[in-house]
Amino acid sequence: MTSYLLKGVSVLGGSPTDLLIKDGVIASGGGKADETIDATGLVALPGLVDLHTHLREPGREDAETVETGSRAAALGGYTAVFAMANTSPVADTAGVVEQVWRLGREAGLVDVQPIGAVTVGLAGKQMAELGAMATSAANVRIFSDDGHCVADPRLMRRALEYVKAFDGIIAQHAEEPRLTEGAQMHEGEVSTRLGLTGWPAVAEEAIIARDVLLAEHVGSRLHVCHVSTAGSVEVLRQAKARGVRVTAEVTPHHLLLTDELAASYDPVYKVNPPLRTGKDVEALRQALIEGVIDIVATDHAPHAVEDKECEWAYARPGMVGLETALPVVLSVLGEQWELIAERMSRAPARIAGLTGHGTDLSPGSPANLTLVDPAARRVVDPAELASRSRNTPYAGTTLPGRIVATFLRGEPTVLDGKAVK
Ligand SMILES: NC(=O)N[C@@H](CC(=O)O)C(=O)O
């Protein structure tokens, strides 16, 4: 196994040092290596961990595969991603989650951890075989019907109770379906002006409020996907203050973009939950800094051209995000490396119980890390994305930071900003 010396690297923004990667781990002290990388001006972070990725395999391999999504993840600085269950067939059995897990191992670019569906076929009627998925080779601990809300409160309660036995988590897509029928964008001034049916903030907030009460009642772990409103932040703040076992994520796009973009009628800005107002963006940023929102998760949602480049009303919601997540977060938070490592690597690894990721990069830690050039600027070109889909809202936007290298257990998956395989 090739050893690497990262010369003059700044670990999490600290003063320059030499980091030796040998036999899959961070070795103590400097020393000789097979390859030396001049890391002057580069920052080493623990490899990023994404709790919310859509890899589309099985079923929509024209939009993404486990392999292409893994490559996009590695190029974005990730060493582990959690694959959402809304595939076709749905990942609601041990067979499907094992298939995704195996495809991830074969690609070998990031650790792919499947998320299991909560209900059969994401239909919200009958609980899926959570226990069988948990005891499968994929060792599933997070369950989600993402794309759909587990709207039935009794089913949600049962699922929360069920996963408690193995310290599992229900990750909820918080959207009261009756309040969002026909919704096309955030309900507010802009939707009124454009004449598009609105998705009111209360549809998210009402489910989060219900679910934190349910999680509190049964003493289980709840995770809230893609929090998007200021009101949701307040519900979470109160629940956390009471000691409810709830964690929450925000996407890079909800930290940066607003509903004003819908005025272009460009479906690249159509996403679920929808882009909200500047006031919401501000509240989400503050919540992420304070820790009311625990993590950044991409909600990487690749879609084929025909599903995105059509009339707004017919376009599928979602945007790709793996390759731009860190640059977007850098543009929002600035070079707060400790905070970025916590919200994008350590906390997601901790929530998921994923060992070997999100470390402090001290000697002996598995060498799962990424090297970032914070001084570099990049104009996002959809044609250059490794994802099989092109639906990025940042085309033509200049973002700070370039991922120079990523290592998975000491093996480079990205070098010189390019995928190794
Ligand atoms: N986040 C999205 O806008 N899309 C998700 C599912 C969903 O949440 O609707 C997708 O799978 O495409």
Side-chain angles (χ1 to χ4, degrees), residues 50-66 68-69 72 81-92 100 114-119 121-124 142-151 171-177 179-186 199 203-204 207-208 223-229 232 248-257 259 261-262 266-276 296-310 312-322 324-325 387-393:
D50 191 15
L51 286 199
H52 192 146
T53 311
H54 295 277
L55 293 177
R56 303 293 188 227
E57 189 174 5
R60 283 310 299 263
E61 291 82 354
D62 57 328
E64 197 78 284
T65 65
V66 171
T68 59
V81 301
F82 285 71
M84 273 298 172
N86 64 338
T87 49
S88 177
V90 170
D92 58 3
V100 173
I115 289 176
V118 178
T119 70
L122 310 175
I142 305 180
F143 298 88
S144 181
D145 273 4
D146 181 64
H148 300 265
C149 183
V150 181
Q172 176 69 295
H173 170 119
E175 174 182 354
E176 167 50 62
L179 291 174
T180 60
E181 279 171 21
Q184 294 294 330
M185 66 171 295
H186 172 64
W199 196 133
E204 175 173 303
I207 292 291
I208 300 177
H223 178 75
V224 185
C225 296
H226 41 51
V227 171
S228 71
T229 81
S232 297
E249 67 187 39
V250 62
T251 71
H253 46 274
H254 288 109
L255 289 170
L256 190 65
L257 309 177
D259 63 342
L261 290 163
D266 183 342
V268 80
Y269 301 116
K270 183 171 173 178
V271 65
N272 207 7
L275 300 176
R276 305 282 187 187
V296 174
T298 67
D299 194 7
H300 176 80
H303 286 296
V305 172
E306 65 272 21
D307 290 326
K308 255 342 229 184
E309 292 179 16
C310 54
W312 179 284
Y314 300 111
R316 297 257 174 103
M319 14 182 98
V320 293
L322 285 168
T324 48
S387 168
R388 194 161 271 184
S389 293
R390 300 278 164 266
N391 51 307
T392 173

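In listed order, ligands and their atoms are each counted from 1. These figures come from a predicted structure and were not determined experimentally.
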Backbone, side chain, both or neither: what part of [X] comes under 4.0 angstrom of ligand 1, heavy atoms only?
X      : value
His253 : neither
His303 : side chain
His173 : side chain
Asn272 : both

Between ligand 1 and [X], can you find any atom pair, the residue atom being a heavy atom, that is separated by under 4.0 Å?
X      : result
His300 : no
Arg316 : no
Met319 : no

Just need the protein heavy atom nearest to [atom], so name the residue and atom and give the distance.
atom                    : result
atom 4 (N) of ligand 1  : Pro317 O, 3.1 Å
atom 10 (C) of ligand 1 : Arg56 NH2, 3.3 Å
atom 1 (N) of ligand 1  : Asp299 OD2, 2.8 Å
atom 11 (O) of ligand 1 : Asn86 ND2, 2.8 Å
atom 5 (C) of ligand 1  : His54 NE2, 3.7 Å

Legend entry - Any N or O of Val271 closer than 3.5 Å to N or O of ligand 1: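 Among all N and O atoms of Val271, none is under 3.5 Å from an N or O of ligand 1.
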
Legend entry - Short N or O distance, Ala301 and ligand 1, threshold 3.5 Å exclusive: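 Between Ala301 and ligand 1, no N or O pair is found under 3.5 Å apart.
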
Legend entry - From Thr180 atom OG1 to Glu175 atom CD, the distance as rounded to the nearest 0.5 Å: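 Reported value, rounded in 0.5 Å steps: 3.5 Å.
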
Inset, instruction - Begin with the C-alpha distance, continue with both residues' side-chain angles, and end with the deciding distance and a verdict on side chain to side chain donor-acceptor pair (under 3.5 Å) for Asp145 and His173. - result: CA-CA 7 Å; Asp145 273 4; His173 170 119; over 6 Å; no

Legend entry - Glu64 and Thr68: side chain donor to acceptor below 3.5 Å: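 On atom types as modelled, these side chains qualify, holding a pair under 3.5 Å.
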
Inset, instruction - Would you check if there is a donor-acceptor pair between the side chains of Trp312 and Asp266 at a distance under 3.5 Å? - result: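 The criterion, which ignores hydrogens and geometry beyond distance, is not satisfied for Trp312 and Asp266.
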
Legend entry - Atom indices of ligand 1, in the order listed, that fall short of 4.0 Å to a heavy atom of Gly147: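 Here the atoms of ligand 1 in question are 6 (C), 7 (C), 8 (O), 9 (O).
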
Legend entry - Matching residue for Lys270 among Lys308, His303, Met185 - test: side chain to side chain contact (heavy atoms under 4.5 Å, CB included):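 Passing option: Lys308.
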
Legend entry - Check: Ser387 side chain, Ser389 main-chain N or O, donor-acceptor pair, under 3.5 Å: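 Yes.
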
Legend entry - Of Asp299, Thr298, Thr251, the residue whose pairing with His52 passes side chain to side chain donor-acceptor pair (under 3.5 Å):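 For His52, the side chain to side chain donor-acceptor pair (under 3.5 Å) test succeeds with only one of Asp299, Thr298, Thr251, which is Asp299.
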
Inset, instruction - Applying side chain to side chain donor-acceptor pair (under 3.5 Å) between Ser228 and each of His254, His253, Glu204, report the one that passes. - result: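 It is Glu204, the one option of His254, His253, Glu204 that forms the side chain to side chain donor-acceptor pair (under 3.5 Å) with Ser228.
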
Legend entry - Minimal non-hydrogen separation, Asp92 against Ala117, with atom names: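 Looking at all heavy atoms of both residues, the shortest contact is CB-CB, 3.8 Å.
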
Legend entry - Asp62/Arg56 salt bridge by N-O under 4.0 Å criterion: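 Looking at Asp62 together with Arg56, the answer is no, because their closest N to O distance does not fall below 4.0 Å.
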
